[in-house]
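Counting starts at 1 for both ligands and their atoms, following the listed order. Note that the structure is predicted; figures quoted are calculated from it, not measured.
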Amino acid sequence: LSSVYAPKDFKRLRVIGDIVASCFDYITPFIKEGISTEEIDNLVVDFLKSKGAVSSDYGYMGFPKHICTSINDVIVHGIPSKDDILKDGDIVNVDLTANFKGFHGDASRMFLIGNVSKEAKKLVQVCKDALNTAISICKPGVPLSEIGKTIEEVVNPFGYSISRDFVGHGIGKVMHDDPQIYHFYDKKWDKVKMVPGFVFTIEPMINAGSRECKIDKDGWTARTVDGSLSAQWEHTLGITEDGVEIFTEHNY
Ligand code: MF3
Ligand code: CO
Ligand code: CO
């Protein structure tokens with residue numbers, strides 16, 4: 001495990017995690033029918049600037065914006081645009097990674113726009129439950145494969161699929177570090193166990209239909225091949241002596 005950090009680094013990770021959580025709180029009232037995803041991007045830039053933080057996404061492998069905005073059938077990596085205007089019934093994921101004093105925090109949340117179908121609401125809730133249940137089992141000694149196993153146990157009874165094309169990751173002084181965190185069971189991760197100081201994300205992408213994805217011509221936007229809805233929630237986490245800390249929600 002390369003993303004293992006000392007207690008003094010956990011203090012820094014708490015600070016950036018809190019900035020990311022506060023940024024979500026700040027943008028939430030604006031995320032309504034009629035706003036463009038580019039306007040959400042602008043709000044994030046202004047908020048981060050006021051805190052002395054910057055987007056880690058901007059310029060990452062050429063990514064042109066500061067957040068990812070993934071609407072309806074978009075699984076991940078939607079690019080904010082003035083032409084993408086949120087409309088009644090949409091579900092949208094906003095994913096933000098930010099850097100403060102050299103430490104990264106990465107989180108995403110789903111937003112429901114106006115009157116959303118019962119089916120869409122259920123998908124969003126099951127995905128959130130999958131993330132929270134997976135977080136709840138994290139502590140020293142637990143194999144990384146338990147994360148994917150737990151997510152499958154929550155998601156499979158609903159007949160949804162779990163995206164395999166994108167994974168969680170170690171994080172800290174770099175945005176994307178080893179190891180990869182699978183959101184499905186793979187015995188490959190049975191032997192790798194969580195240790196105190198380990199910092200990583202869990203970010204399940206759950207599709208209402210097939211798990212297969214295709215990438216748009218822009219080279220980023222990943223959509224479900226069958227056009228079905230997709231949801232995602234993400235937190236940055238740190239393993240403590242006896243459990244897990246969620247950096248990207250308010251702890252203090
Ligand atoms: N925040 C994303 C993640 O969860 C990374 C986005 S990379 C970008 O890992 F280039 F698309 F911004
Ligand atoms: Co993210
Ligand atoms: Co991530």
Side-chain angles (χ1 to χ4, degrees), residues 1-3 5 13 16-24 27 37-38 40-42 44-45 47-48 53-71 74-81 84 92-100 103-111 124 127-128 130-132 134-135 138 144 147-148 151 162-184 198-206 213-223 230-238 244 246-249:
L1 295 176
S2 48
S3 56
Y5 289 90
L13 289 157
I16 181 57
D18 199 69
I19 291 171
V20 168
S22 300
C23 188
F24 278 109
I27 64 178
T37 52
E38 184 173 77
I40 301 171
D41 192 271
N42 291 336
V44 167
V45 171
F47 183 87
L48 292 179
V54 292
S55 162
S56 318
D57 296 336
Y58 183 66
Y60 176 80
M61 295 174 74
F63 191 75
K65 292 286 185 177
H66 307 80
I67 53 173
C68 298
T69 47
S70 301
I71 305 170
V74 177
I75 302 171
V76 279
H77 299 164
I79 303 172
S81 161
D84 285 331
V92 57
N93 175 276
V94 176
D95 190 335
L96 165 64
T97 315
N99 177 334
F100 182 72
F103 286 84
H104 298 264
D106 184 4
S108 80
R109 297 186 189 175
M110 295 298 297
F111 296 87
V124 168
C127 183
K128 190 178 193 177
L131 171 59
N132 288 331
I135 292 172
C138 292
L144 296 189
I147 294 170
I151 292 168
I162 302 168
S163 172
R164 298 193 170 201
D165 298 286
F166 307 93
V167 294
H169 47 92
I171 185 171
K173 289 182 180 172
V174 289
M175 170 164 65
H176 286 156
D177 205 346
D178 288 337
Q180 296 194 330
I181 303 292
Y182 287 19
H183 302 114
F184 53 97
F198 176 47
V199 178
F200 62 106
T201 73
I202 305 180
E203 48 184 298
M205 290 137 279
I206 307 302
C213 88
K214 59 179 185 215
I215 309 289
D216 284 3
K217 285 202 193 76
D218 62 24
W220 284 101
T221 310
R223 293 176 194 275
S230 185
Q232 181 179 31
W233 291 85
E234 176 177 22
H235 272 308
T236 297
L237 310 160
V244 63
I246 305 174
F247 292 125
T248 42
E249 68 183 20

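Across all their heavy atoms, Cys127 and Gln232 have their closest contact at SG-CA, 3.6 Å. Listed here is the closest heavy atom pair of Asp57 and Ile67: OD2-CA, 3.7 Å. Here the closest heavy-atom approach between residue Ala21 and residue Glu249 is recorded as CB-CA, 3.9 Å. Residues Ile171 and Met175 approach most closely at CG1-O, 3.4 Å, considering heavy atoms. Considering all non-hydrogen atoms of both residues, Val199 and Leu13 come closest at CG2-CD1, 3.8 Å.
For atom 6 (C) of ligand 1, the closest heavy atom belonging to the protein is Asp57 OD1, 3.6 Å. Looking only at protein heavy atoms, the nearest one to atom 4 (O) of ligand 1 is Glu203 OE1, 2.8 Å. Scanning the protein for heavy atoms near atom 7 (S) of ligand 1, the closest one is Tyr60 CD2, 3.7 Å. At the shortest separation from atom 9 (O) of ligand 1 among protein heavy atoms lies His176 NE2, 2.7 Å. With respect to atom 2 (C) of ligand 1, the closest heavy atom belonging to the protein is Asp95 OD2, 3.6 Å. Protein heavy atom nearest atom 3 (C) of ligand 1, with residue, atom name and distance: Asp106 OD2, 3.3 Å.
Interface atoms of ligand 1 facing Glu234, defined by a heavy-atom separation under 4.0 Å, are 4 (O). Listed by number with element, the atoms of ligand 1 under 4.0 Å from a non-hydrogen atom of His169 are 3 (C), 4 (O), 9 (O). If you number the atoms of ligand 1 from 1 as listed, the ones under 4.0 Å from a heavy atom of Thr97 come out as 1 (N).
His169 and Glu203 share a donor-acceptor pair across their side chains, judged by distance under 3.5 Å alone. The closest side-chain donor-acceptor pair between Asp178 and Ser2, if any, does not fall under 3.5 angstrom.
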Start with the C-alpha distance between Phe47 and Phe24, add both sets of side-chain angles, then the distance that settles side-chain contact (heavy atoms from CB on, under 4.5 Å), and finish with yes or no. CA-CA 10 Å; Phe47 183 87; Phe24 278 109; over 6 Å; no
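The Co ion (ligand 3) has Glu203 among its coordinating residues (N/O/S atom, backbone or side chain, under 2.8 Å). For the Co ion (ligand 2), the N/O/S atoms of Glu234 include one lying under 2.8 Å.
Of all the N, O or S atoms in Asp95, the one closest to the Co ion (ligand 2) is OD1. For His169, the N/O/S atom at the shortest distance from the Co ion (ligand 3) is named NE2. Note on Asp106: its N/O/S atom closest to the Co ion (ligand 3) is OD2.
Here Ser108 has no heavy atoms under 4.0 Å from ligand 1, in either its backbone or its side chain.
Open room surrounds OH on Tyr58; 12 or fewer heavy atoms of other groups in view lie less than 6.0 Å from it.
Residue Trp220 places a heavy atom under 4.0 Å from ligand 1.
Ring geometry for Tyr60 against His176 counts as perpendicular: the plane angle is over 60°, on a 0 to 90° scale with 30° as the lower cut.
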